[in-house]
Amino acid sequence: MTVADRATAGFRQRYRTEPAGRWAAPGRVNLIGEHTDYNDGFVLPFALPLRTVVAAAPDPDGRWTVWSELDDEPVEFGAAEADEPGGVDGWAAYVAGVVWALRAAGHDVPGARLAVASDVPVGSGLSSSAAIESAVLAALVDLGGLDLPAQAWHRLAQRAENDYVGAPTGIMDQSAVIRGREGHALFLDCRTEEVEQIPFDLDAAGLAVLVIDSRAPHRHADGEYAARRRSCERGAAALGVAALRDVDVAGLDTALARLDDDETRRRVRHVVTENQRVLDTVALLRAGRVRDTGPLLTASHASMRDDFEITVPEIDTAVEAALSAGAYGARMTGGGFGGCVLALVDADAADPVAAAVTEAYAKRGFTAPGTLTVRPAGGVTRLG
């Protein structure tokens with residue numbers, strides 16, 4: 001049964017009626033550009049074929065009820081709970097946050113019954129949160145006939161996560177999930193919000209992206225993410241710039257010499273060099289040199305490991321094993337302290353590389369990783 005069929009079946013079982021429609025949003029993986037988004041920098045994510053699907057219909061009482069296949073108990077809330085950040089908690093906060101963001105922006109949000117099914121693994125760094133936010137947003141916009149251009153959706157979804165759920169994310173996740181295009185990566189300038197669809201045709205190059213779910217438990221991820229963000233802000237303030245985006249590689253050594261402590265220097269060095277790696281990767285992809293991006297991916301991982309200090313042993317093991325098995329490049333993707341690794345491999349080498357990572361995990365006594373090959377997919381859409 002497809003994820004869309006599961007959402008429909010869940011809706012029928014829970015509400016004893018048919019949904020008015022189904023809306024799907026993908027997960028995303030970030031090819032390169034980690035912790036650059038909230039520094040006004042550059043990122044290069046792409047949408048995944050893994051999807052979260054919301055089946056929905058209007059609620060005549062003007063309330064919101066949401067059911068998920070991951071938690072059989074539905075959550076119901078009204079305007080009072082939706083209008084107060086923290087009024088709904090747990091996974092349903094992502095749904096309530098979208099209602100809150102729409103209402104705060106002045107939209108008359110329709111009450112709705114929703115059923116959620118998903119193939120995007122939770123807690124793996126593939127942005128399951130942005131997927132559910134975006135699918136719910138699309139459903140409510142359509143059900144209510146809201147006058148909300150698609151170009152504004154990513155900011156509303158981000159507000160839901162930042163201000164209602166309380167997760168201090170940038171705009172990358174929602175932008176990739178909403179604006180993704182099949183066969184392309186999304187080059188996003190997080191300061192200007194300008195986007196460019198960059199061809200990323202893996203099939204034509206005989207390549208694949210192998211995503212490795214480390215299955216590592218997230219270790220202090222929320223607090224450490226916030227700490228990295230504060231460190232970047234301190235670095236920017238000390239350098240007298242609005243954001244670390246304003247420091248380029250040519251001026252990096254001079255900038256680092258102006259900082260008093262080694263930790264801040266390392267955090268700044270990661271962001272500045274990572275921005276340059278994004279620009280270099282985009283240039284290679286524009287030239288059709290997909291394989292040549294591999295060393296940039298690996299350099300990104302080394303920077304996250306050594307300068308930003310956000311990797312864990314399972315992640316580093318997966319990267320090392322993938323490279324030893326012939327990957328052109330490999331790196332952690334996502335916020336860090338767990339999550340996923342991506343590896344650029346020959347299409348016919350994906351299975352052997354995955355096997356090598358699994359073997360390396362077994363030798364270290366780690367929980368076996370999950371693996372899948374992915375290609376760039378399209379963004380949020382109505383299925384009918």
Side-chain angles (χ1 to χ4, degrees), residues 23 25-28 37-38 52-54 56 59 61-68 70-71 73-116 118 120 122-123 125-144 146-179 190 193 218 221-227 229-230 334-335 379-380:
W23 293 262
R28 70 94 188 95
D37 58 346
Y38 56 79
T52 293
V53 176
V54 171
D59 181 273
D61 297 326
R63 293 178 62 80
W64 296 273
T65 304
V66 58
W67 168 91
S68 168
L70 297 179
D71 182 358
E73 287 299 317
V75 177
E76 182 179 350
F77 58 92
E81 296 93 337
D83 288 347
E84 183 64 36
V88 177
D89 57 14
W91 64 268
Y94 293 101
V95 178
V98 171
V99 174
W100 170 82
L102 284 168
R103 286 170 61 87
H107 296 284
D108 185 12
V109 185
R113 298 169 177 172
L114 308 104
V116 181
S118 184
V120 184
V122 175
L126 300 181
S127 208
S128 58
S129 58
I132 188 171
E133 289 158 1
S134 301
V136 169
L137 178 60
L140 294 177
V141 167
D142 278 2
L143 291 177
L146 305 184
D147 182 17
L148 184 64
Q151 303 94 291
W153 288 16
H154 65 289
R155 276 297 183 191
L156 278 172
Q158 183 203 17
R159 281 204 70 200
E161 189 150 352
N162 287 181
D163 299 333
Y164 193 95
V165 179
T169 60
I171 63 169
M172 177 182 68
D173 293 354
Q174 292 81 5
S175 295
V177 166
I178 291 167
R179 301 180 177 187
C190 295
E193 299 188 20
H218 279 271
D222 292 341
E224 293 290 354
Y225 183 100
R229 186 163 186 163
R230 289 193 299 270
V380 65

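Hydrogens, waters and symmetry mates play no part in the numbers below; they use all other heavy atoms, side chains included.
- Closest heavy-atom contact between A135 and A25: N-CB, 3.7 Å.
- To the nearest 0.5 Å, atoms CG (N162) and OH (Y38) are separated by 13.0 Å.
- Nearest approach of P26 to V177, heavy atoms of both residues: O-CG2, 3.2 Å.
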Next on the checklist: The test is side chain to side chain contact (heavy atoms under 4.5 Å, CB included); show your working for I132 and V116 and say whether it passes.
Outcome noted: CA-CA 8 Å; I132 188 171; V116 181; 4.0 Å; yes
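- A search for side-chain hydrogen bond (donor to acceptor under 3.5 Å, both in side chains) contacts involving R179 returns H154, not counting sequence neighbours.
- Listed here is the closest heavy atom pair of A139 and A56: CB-CB, 4.3 Å.
- Annotation: salt bridge (charged side-chain N to carboxylate O under 4.0 Å, His left out) contacts of D71 (sequence neighbours excluded): none.
- The side-chain heavy atoms of L102 and L148, taken from C-beta on, include a pair separated by under 4.5 Å.
- A92 meets the side chain to side chain contact (heavy atoms under 4.5 Å, CB included) test with V66, V75, V88; sequence neighbours excluded.
- Here the shortest heavy-atom pairing between A131 and G27 reads CB-N, 4.4 Å.
- Applying the side-chain hydrogen bond (donor to acceptor under 3.5 Å, both in side chains) criterion to R230, with sequence neighbours excluded, gives no partner residue.
- Under the salt bridge (Lys or Arg N to Asp or Glu O under 4.0 Å) criterion, no residue pair touches residues 128-141, with sequence neighbours excluded.
- Taking CG from L137 and CG from D142, the interatomic distance works out to 9.5 Å, rounded to the nearest 0.5 Å.
- Distance CG/D37 to CD/Q174: 9.5 Å, rounded to 0.5 Å.
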Donor-acceptor pairs under 3.5 Å, side chain of residues 105-113 to any protein atom, not counting sequence neighbours: which ones?
| from | atom 1 | to | atom 2 | distance (Å) |
| --- | --- | --- | --- | --- |
| R113 | NE | D59 | OD2 | 3.3 |

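- Separating the CG atom in L114 from the OG atom in S68 is a distance of 11.0 Å, to the nearest 0.5 Å.
- Residues in residues 162-178 take part in these salt bridge (Lys or Arg N to Asp or Glu O under 4.0 Å) pairs, two or more places apart or across chains: R28-D173, R159-D163.
- Remark: S118 engages T52 in a side-chain hydrogen bond (donor to acceptor under 3.5 Å, both in side chains) (not counting sequence neighbours).
- The side-chain hydrogen bond (donor to acceptor under 3.5 Å, both in side chains) check on S129 picks up E161, with sequence neighbours excluded.
- Taking F77 as the reference, W64 meet the ring-ring contact (aromatic ring centres under 6.0 Å, His included) condition, with sequence neighbours excluded.
- Considering only residues two or more places apart in sequence or on other chains, W153 meets the ring-ring contact (aromatic ring centres under 6.0 Å, His included) condition with none of them.
- For the salt bridge (Lys or Arg N to Asp or Glu O under 4.0 Å) condition, the pairs that include at least one residue of residues 79-97, sequence neighbours left out, are D83-R103.
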